[in-house]
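Reviewing the structure listed below.
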Number of protein chains: 2
Amino acid sequence: MKVGGQHRRCIWLEDDGKTVGIIDQTLLPHRFATVRLETLQDAARAIVTMQVRGAPLIGATAAYGVCLALKADASDESLERAYATLIATRPTAVNLKWALDEMMAAVRNRPRDERVAAAYRRAADICEQDIAINRAIGRHGLALIEKIAATKKPGEHVNVLTHCNAGWLAAVDVGTALSPVYTAHDAGIPLHVWVDETRPRNQGASLTAWELGQHGVPHTVIPDNTGGHLMQHGEVDIAIVGADRVAANGDVANKIGTYLKALAAKDNDVPFYVALPSPTIDFTVTDGVAEIPIEQRSADEVATIAGRAADGRIATVRIVPDGSAVANYGFDVTPARLVTGLITERGVIGASREALAKAFPERANAAK
Amino acid sequence: MKVGGQHRRCIWLEDDGKTVGIIDQTLLPHRFATVRLETLQDAARAIVTMQVRGAPLIGATAAYGVCLALKADASDESLERAYATLIATRPTAVNLKWALDEMMAAVRNRPRDERVAAAYRRAADICEQDIAINRAIGRHGLALIEKIAATKKPGEHVNVLTHCNAGWLAAVDVGTALSPVYTAHDAGIPLHVWVDETRPRNQGASLTAWELGQHGVPHTVIPDNTGGHLMQHGEVDIAIVGADRVAANGDVANKIGTYLKALAAKDNDVPFYVALPSPTIDFTVTDGVAEIPIEQRSADEVATIAGRAADGRIATVRIVPDGSAVANYGFDVTPARLVTGLITERGVIGASREALAKAFPERANAAK
């Protein structure tokens with residue numbers, strides 16, 4: 001996708017062919033800056049501090065983290081340390097484990113002098129695969145948007161609501177939930193996106209609004225409290241969100257607050273879709289609501305907020321009284337019964353055990 | 001209620017018996033400061049800038065606004081100007097109209113030289129009536145909380161969730177939705193309150209957390225996105241919110257986002273109560289969802305946020321990219337079917353046309 005008219009990905013190899021470049025997403029939307037990752041610790045820190053976030057991009061960064069570890073030390077011990085360090089960065093993201101397992105499989109049984117090259121090849125493949133998956137999600141989601149657009153009068157646009165950021169900033173490129181939006185926009189379908197600001201980290205207001213703006217897609221930022229009212233009054237045609245993990249039964253773990261929007265969609269007959277690359281599916285979890293562990297994050301993410309001060313600098317202010325306790329659950333789980341469909345690289349499928357097993361039999365069987 | 005151990009109301013007469021004192025709620029929770037209102041314009045400005053907010057407190061401030069106008073000029077023209085100025089300050093708050101109509105009735109047919117004294121008497125009555133109503137709401141709500149407490153094991157507490165601020169800062173004193181909480185806490189029932197931060201103006205994080213903290217009630221601030229997850233996992237025993245307007249059919253207009261919490265409560269069998277003083281009921285509105293106009297407020301409330309900077313000063317930072325549109329709906333309407341009951345000064349009643357008409361026949365008949 002584009003930044004200031006220039007094509008960009010979210011993760012890339014620098015000119016030396018070894019160092020990894022990323023966008024520091026903690027500075028967006030106020031400042032665009034890139035960071036060079038040179039070591040395993042750099043990669044782990046980028047994930048923990050959320051310079052990179054979003055399930056696919058976390059996976060890609062972890063993959064390159066293994067490359068950076070092996071570049072310094074190609075031993076089994078180094079490989080195991082890299083795996084242990086990276087898997088601990090974000091407990092909810094299933095792509096992280098998927099990408100690390102892929103990397104292990106690609107290098108484990110090779111002689112040490114082949115490991116580095118094999119690792120970089122596999123990491124690059126993971127990135128290309130992510131882009132190919134996301135383009136396929138875009139094509140399948142486009143069909144849903146085209147169907148809505150066909151019901152509109154001239155001059156009317158399709159209203160999409162999204163939560164958090166599942167755009168190209170959450171992936172290597174293109175995005176998941178926003179891939180149908182970009183595909184439809186590029187195909188000339190008039191659309192407008194309601195962007196949930198997505199407290200407490202405001203990935204909607206900071207990242208989704210910024211990337212939609214860079215690509216020229218009309219959009220409006222709204223507080224997370226607003227979506228129910230809009231759906232009640234016919235202002236949302238379709239909701240599309242991403243996923244951090246989808247259970248074998250179709251339950252969807254995604255950014256905290258997703259469940260509330262799914263409830264509002266159900267109550268108002270608004271179709272509620274979840275777009276996801278298949279590595280996000282965790283066939284080992286049979287019941288998402290009961291089993292998926294929910295990450296609790298730092299109280300500071302709720303008690304303070306960063307933004308651009310009057311003098312242009314990024315400043316952090318406290319918004320909760322001293323002495324008040326704060327809780328910060330990172331995700332919630334939306335029961336499959338509230339999900340109209342899953343937009344995957346293999347098409348739009350039902351959010352059910354049967355549909356998932358039918359669409360991804362090799363993954364479902366491997367988990368048995 | 002108490003501030004720093006001292007008893008306080010939210011609005012009072014200063015020592016001169018004419019000037020009106022209020023707490024500047026825009027500075028909370030970081031600074032406690034009071035403001036003197038000397039003219040009609042001061043009172044109108046206090047409402048518009050939300051130095052005072054909350055339906056009952058808006059009504060009381062408007063009542064004293066009429067007093068201040070008549071003190072300067074007791075003519076019919078002055079009275080009409082005061083009414084027109086004050087009614088325009090907040091379109092959704094039905095107590096505002098109720099209080100202004102009460103003031104008009106109290107002074108209109110009196111000779112000019114009696115109007116000022118009559119106005120101050122009626123304004124003081126409105127304040128005392130608000131407190132009496134809120135104490136009654138507390139008693140009726142206490143019974144609900146006691147019933148839940150009876151099911152708890154020793155050491156467990158009752159978990160209440162609330163949205164926005166319907167505490168004593170929203171009233172003359174005591175509060176509406178928080179009146180049962182304070183009553184139960186003072187009665188020795190162990191309880192804990194989940195406080196929705198309530199974007200975009202953060203009245204939960206700023207005001208509810210502050211006033212609960214001042215009174216010693218255990219509480220935890222959460223992003224608005226969190227309540228669904230907590231209810232799904234049994235962490236909420238009862239939700240109690242306030243109301244800006246209740247329609248004759250039991251539909252509830254309250255702070256944006258209330259509807260989403262009501263949906264989550266329904267989905268998880270959590271009782272969802274609305275506490276309201278009866279002046280909040282608008283028997284002229286027969287269908288709340290269809291008819292209640294929703295105030296759209298300034299984009300700045302969403303695009304910027306104020307808090308305490310590292311140097312202790314209150315600073316405002318921008319959190320939305322330049323060029324992104326913003327929408328700011330102040331309220332939503334929760335359909336009566338999602339409301340377990342209405343806690344009024346006349347007891348806990350069903351959220352239905354029949355129950356409201358039966359509990360408040362004189363109001364229902366007057367609206368026919």
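Since we're looking at a predicted model, the values are computed, not measured. Just so we're on the same page: letters track the sequence lines, and every chain starts at 1.
- Only the side chain of A/L230 comes within less than 4.5 Å of a heavy atom in chain B; its backbone stays farther off.
- Side-chain atoms of B/Q232 do not come within 3.5 Å of backbone N or O of A/V289 as any donor-acceptor pair.
- The interface of residues 160-168 of chain B with chain A, defined by heavy-atom distances below 4.5 Å, comprises B/H163.
- Residues B/V333 and A/H229 are not in side-chain contact: their nearest non-hydrogen atoms beyond the backbone lie 4.5 Å or more apart.
- Proximity to chain B (any heavy atom under 4.5 Å) is shown, for A/A303, by neither the backbone nor the side chain.
- Between the CD atom in A/E197 and the CZ atom in B/R199 there is a gap of 4.0 Å [rounded to 0.5 Å].
- With contacts defined as side-chain heavy-atom distances shorter than 4.5 Å, the pair A/I222/B/V326 does not qualify.
- At distances below 3.5 Å, not a single donor-acceptor pair connects side-chain atoms of A/N225 with backbone N or O atoms of B/D224.
- One N or O on the side chain of A/H30 and one on the backbone of B/R318 form a donor-acceptor pair closer than 3.5 Å.
- Heavy atoms of A/A327 lying under 4.5 Å from chain B belong to its backbone as well as its side chain.
- Interatomic distance, CZ of B/R308 versus OG1 of A/T316, reported as 12.5 Å (0.5 Å rounding).
- Contact check on B/D267 versus A/R337 returns a salt bridge, with a Lys/Arg side-chain nitrogen under 4.0 Å from an Asp/Glu carboxylate oxygen.
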